[in-house]
Chemist: 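Below you'll find the structure I mean.
Sequential numbering from 1 along the given sequence is applied to the chain's residues. Remember, it's 1-based here, ligands and their atoms both numbered in the order they're listed. All of these numbers come straight from a predicted model, not from anything done at the bench.
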Amino acid sequence: MKDNHIEIVEKKSVNFIEQIIIGDLEKKKNDGRLQTRFPPEPNGYLHIGHAKAICMDFGVAEKFGGICNLRFDDTNPQKEDTEYVDAIKEDIKWLGFKWGNIYYASDYFQNLWDFAVRLIKEGKAYIDEQTSEQIAAQKGTTTEPGVDSPYRERPIEENLTLFEKMNNGEISEGSMVLRAKIDMAHPNMHFRDPVIYRIINKKHHRTGHKWKAYPMYDFAHGQSDFFEGVTHSICTLEFVPHRSLYDYFIDELKEGKDLEDHRPRQFEFNRLNLTYTVMSKRKLLALVQEHLVNGWDDPRMPTICGLRRRGYSPEAVRKFIDMIGYTKYDALNDFSMLEAAAREDLNKRALRVSAVLNPVKLVVTNYPDGKTEEMEAVNNPERVEDGSHTIIFSRELWIEREDFMENAPKNFFRMVPGKEVRLKNAYIVKCTGCKKDKSGNIEEIYCEYDPESRSGLEGANRKVKGTLHWLSTTHCQPCEVRLYDRLFQIENPSADERDFRELLNPESLKILTNCYIEQFAVMQKENRYLQFQRIGYFTYDKDSTEKHLIFNKTVGLKDSWKPKK
Ligand code: ATP
Ligand code: MG
């Protein structure tokens with residue numbers, strides 16, 4: 001336990017947890033210390049829901065001069081792995097937070113064991129040999145008391161011997177548990193002799209085969225907070241019913257010492273639920289293991305590494321968390337809010353480049369063959385200090401197929417025979433026609449440019465309604481572009497009765513293999529954030545090679561997404 005100088009920062013708006021913290025600091029509770037923890041179980045990768053908890057746990061510590069430790073809640077070796085430990089650290093760092101210390105709940109296995117032995121000796125815990133079904137059946141209901149286990153009055157010596165055996169391999173998994181002896185008629189069901197230890201015969205990622213009896217969440221979490229000197233143990237609302245049990249075990253642990261001002265306290269906020277995705281690690285793991293997505297960092301996943309690969313900035317994720325805020329009521333947040341946060345952030349951050357995703361050739365028939373010109377393209381109109389780069393203009397260009405129409409309606413202000421349009425950063429051109437193959441597909445489009453209309457020249461500003469992006473066919477590179485849609489077809493897959501696998505959106509990934517991008521963008525590999533002008537925000541995918549460039553679409557420029565009917 002480290003002493004920290006606490007400095008109360010004035011802030012215009014504080015959430016209800018911050019209000020509690022400010023109050024506690026003013027009252028000099030815990031000697032004016034503030035210590036939080038972020039306690040992930042290393043059984044999967046972090047997702048955007050965890051980001052909400054991270055922003056709270058680390059955020060308040062930062063804001064009020066406290067400390068936030070990272071604690072791996074590794075009390076169940078069945079699904080835990082060091083791969084997850086490493087990934088969790090990386091994601092927290094990426095989000096821009098720093099932990100004080102790193103702790104592992106497994107560091108406290110001995111202390112927890114000793115505490116359990118003490119409870120047994122005090123007649124406050126017993127070994128139950130019933131099946132989990134039998135134990136559940138005796139729990140009672142909220143209106144009816146439970147039934148005592150036939151093993152409830154087992155002599156202390158016998159309990160101690162059996163507990164020892166639970167841990168040394170003599171007892172098989174599932175055939176015995178240690179239960180706290182509290183009250184089978186307690187109005188809070190969590191007090192009806194909760195199971196506090198069970199046997200798991202699996203190698204632990206840190207303690208190997210040393211332990212076979214493992215503490216349950218309720219017997220590990222509050223105690224770990226206590227051992228570390230946590231002051232504010234912030235978690236999500238589903239733990240509200242666990243809070244009194246949390247306090248109960250801490251009262252037992254402190255052995256009559258008066259700790260009133262020096263004890264961890266649990267506070268709860270609403271967890272993040274997002275539309276069109278799932279947040280359960282069990283389901284996310286299934287998607288990965290069953291190859292329904294391409295790994296934890298698949299850009300369609302709600303994981304932090306998925307969002308990173310998709311091209312989100314950490315600032316965008318944090319902005320989103322800020323936007324949704326913290327309350328005491330569960331809600332379902334709209335995925336499009338996350339996208340809006342990304343758009344807002346990337347608008348200021350992204351380097352503007354040109355890419356053509358569905359190319360068709362445009363020939364500027366009055367532009368000399370072999371001639372090229374360097375046109376100036378602004379890197380980011382939102383940040384003048386980012387400067388500009390040049391893009392090469394020539395006689396043969398790629399433009400988007402959708403930017404041409406032979407017989408266009410009046411409000412189509414793009415490439416139309418007989419009409420003028422501006423090629424961005426270059427000239428005004430007048431479309432003169434097109435060439436089609438036998439089945440009527442457009443093969444080439446023709447236009448003539450006006451040499452006086454070059455961007456930046458005086459007199460270049462005559463009014464044309466449309467501006468199109470383009471690439472010189474000999475000064476660009478082919479690339480692959482991956483477009484993403486919602487991972488699930490329905491708004492709230494977690495609330496649906498059907499298996500979540502059936503609810504996946506079969507069109508969540510669309511791969512375009514015939515795209516082009518300007519040379520300059522290719523040389524900007526260290527710049528993760530690109531805007532393909534007129535299209536959206538994109539980023540390099542990690543699968544890219546020198547020869548095969550791949551870009552992921554982060555989000556479109558505007559919210560054009562509509563639910564499928
Ligand atoms: P699962 O039950 O799917 O395994 P979990 O919630 O138990 O996930 P943990 O690794 O135990 O995952 O979570 C670490 C911390 O992150 C906890 O404090 C938990 O409350 C918080 N957290 C997890 N999911 C969310 C969410 N969707 N919104 C906010 N906080 C979350
Ligand atoms: Mg958990």
Side-chain angles (χ1 to χ4, degrees), residues 15 17 36-61 68-81 83-89 91-92 95 97 99 102-106 205 215-218 220-222 224-225 228 230 232-243 246 264-288 296 301-304 306-307 317-318 320-333 335 337-338 492-495 500:
N15 61 51
I17 302 241
T36 60
R37 85 288 168 264
F38 174 63
E41 183 177 356
N43 62 351
Y45 282 64
L46 297 183
H47 51 59
I48 180 89
H50 292 113
K52 181 172 179 177
I54 289 171
C55 289
M56 169 61 85
D57 295 329
F58 287 92
V60 293
C68 177
N69 297 314
L70 173 58
R71 182 199 313 139
F72 290 101
D73 219 336
D74 55 349
T75 54
N76 181 353
Q78 284 174 82
K79 292 177 265 167
E80 293 160 3
D81 199 274
E83 174 198 347
Y84 301 129
V85 170
D86 295 338
I88 288 169
K89 289 189 209 165
D91 289 348
I92 296 171
L95 282 172
F97 291 107
W99 50 81
I102 296 186
Y103 296 122
Y104 293 84
S106 54
H205 72 115
M216 301 293 287
Y217 174 87
D218 282 324
H221 201 89
S224 305
D225 286 343
E228 289 166 10
V230 167
H232 297 75
S233 182
I234 309 167
C235 60
T236 38
L237 286 172
E238 68 271 25
F239 291 102
V240 168
H242 296 252
R243 197 199 308 137
Y246 176 102
R265 284 181 200 281
Q266 180 184 304
F267 302 94
E268 311 87 8
F269 64 84
N270 63 328
R271 64 189 289 123
L272 170 63
N273 300 301
L274 257 195
T275 55
Y276 299 99
T277 191
V278 294
M279 225 70 95
S280 142
K281 276 190 277 187
R282 178 180 64 79
K283 289 177 184 168
L284 294 176
L285 178 67
L287 292 176
V288 173
W296 284 100
M301 291 280 269
T303 49
I304 304 293
L307 292 169
V317 174
R318 289 174 66 162
F320 167 68
I321 301 295
D322 244 22
M323 279 161 68
I324 57 171
Y326 297 88
T327 74
K328 293 181 196 177
Y329 310 96
D330 272 317
L332 182 61
N333 288 111
F335 197 88
M337 268 175 89
L338 177 59
N492 192 359
S494 304
F500 68 97

Chemist: So for ligand 1, is T236 a polar contact partner (N or O within less than 3.5 Å, distance only)?
Modeler: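 Right, the criterion is met.
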
Chemist: Could you check whether any side-chain N or O of S494 sits under 3.5 Å from a backbone N or O of V278, counting only pairs where one atom can act as donor and the other as acceptor?
Modeler: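 Such a contact is absent between S494 side chain and V278 backbone.
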
Chemist: Under a 4.0 angstrom heavy-atom cut-off, which atoms of ligand 1 come close to P39?
Modeler: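 Matching atoms, with element in brackets: 14 (C), 18 (O).
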
Chemist: Considering only heavy atoms of F38, which atoms of ligand 1 have at least one such atom less than 4.0 Å away?
Modeler: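 Under 4.0 Å from F38, ligand 1 has these atoms: 15 (C), 16 (O).
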
Chemist: Mind checking the NE2-CD1 spacing from H50 to I304? Nearest 0.5 Å is all I need.
Modeler: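 Those atoms lie 9.0 Å apart.
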
Chemist: Within the side chain of D330, is there an N or O that forms a donor-acceptor pair under 3.5 Å with the backbone of N270?
Modeler: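 Not a single qualifying donor-acceptor pair exists.
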
Chemist: Would you say D57 and T36 are linked by a side-chain donor-acceptor pair, where the criterion is simply a distance under 3.5 Å?
Modeler: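 No pair is found: no donor N or O on one side chain lies under 3.5 Å from an acceptor on the other.
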
Chemist: Any nitrogen or oxygen of R271, main chain or side chain, under 3.5 Å from a nitrogen or oxygen of ligand 1?
Modeler: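 Min N/O separation from ligand 1 is below 3.5 Å for R271.
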
Chemist: Using a strict cut-off of 4.0 Å, indicate which atoms of ligand 1 neighbour a heavy atom of S280.
Modeler: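 Counting atoms of ligand 1 from 1, those under 4.0 Å from S280 are 3 (O).
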
Chemist: Would you check whether E41 has a nitrogen or oxygen atom less than 3.5 angstrom from a nitrogen or oxygen atom of ligand 1?
Modeler: yes

Chemist: Hey, is the main chain of I234 close enough, under 3.5 Å, to the side chain of H232 for a donor-acceptor pair?
Modeler: no

Chemist: Between CH2 of W99 and NZ of K89, what distance do you get to the nearest 0.5 Å?
Modeler: 6.5 Å

Chemist: When you compare ligand 1 with K281, is there at least one nitrogen or oxygen pair between them that comes in under 3.5 angstrom?
Modeler: yes

Chemist: For H47, is the nearest heavy atom under 4.0 Å from an atom of ligand 1?
Modeler: yes

Chemist: Apply the side chain to side chain donor-acceptor pair (under 3.5 Å) test between S233 and each candidate in R37, E268, R243; give the one that qualifies.
Modeler: R37

Chemist: So between C235, G49, A51, whose heavy atom ends up nearest atom 26 (C) of ligand 1?
Modeler: G49

Chemist: Evaluate A53 for polar contact with ligand 1, using N/O atom pairs at a separation under 3.5 Å.
Modeler: no

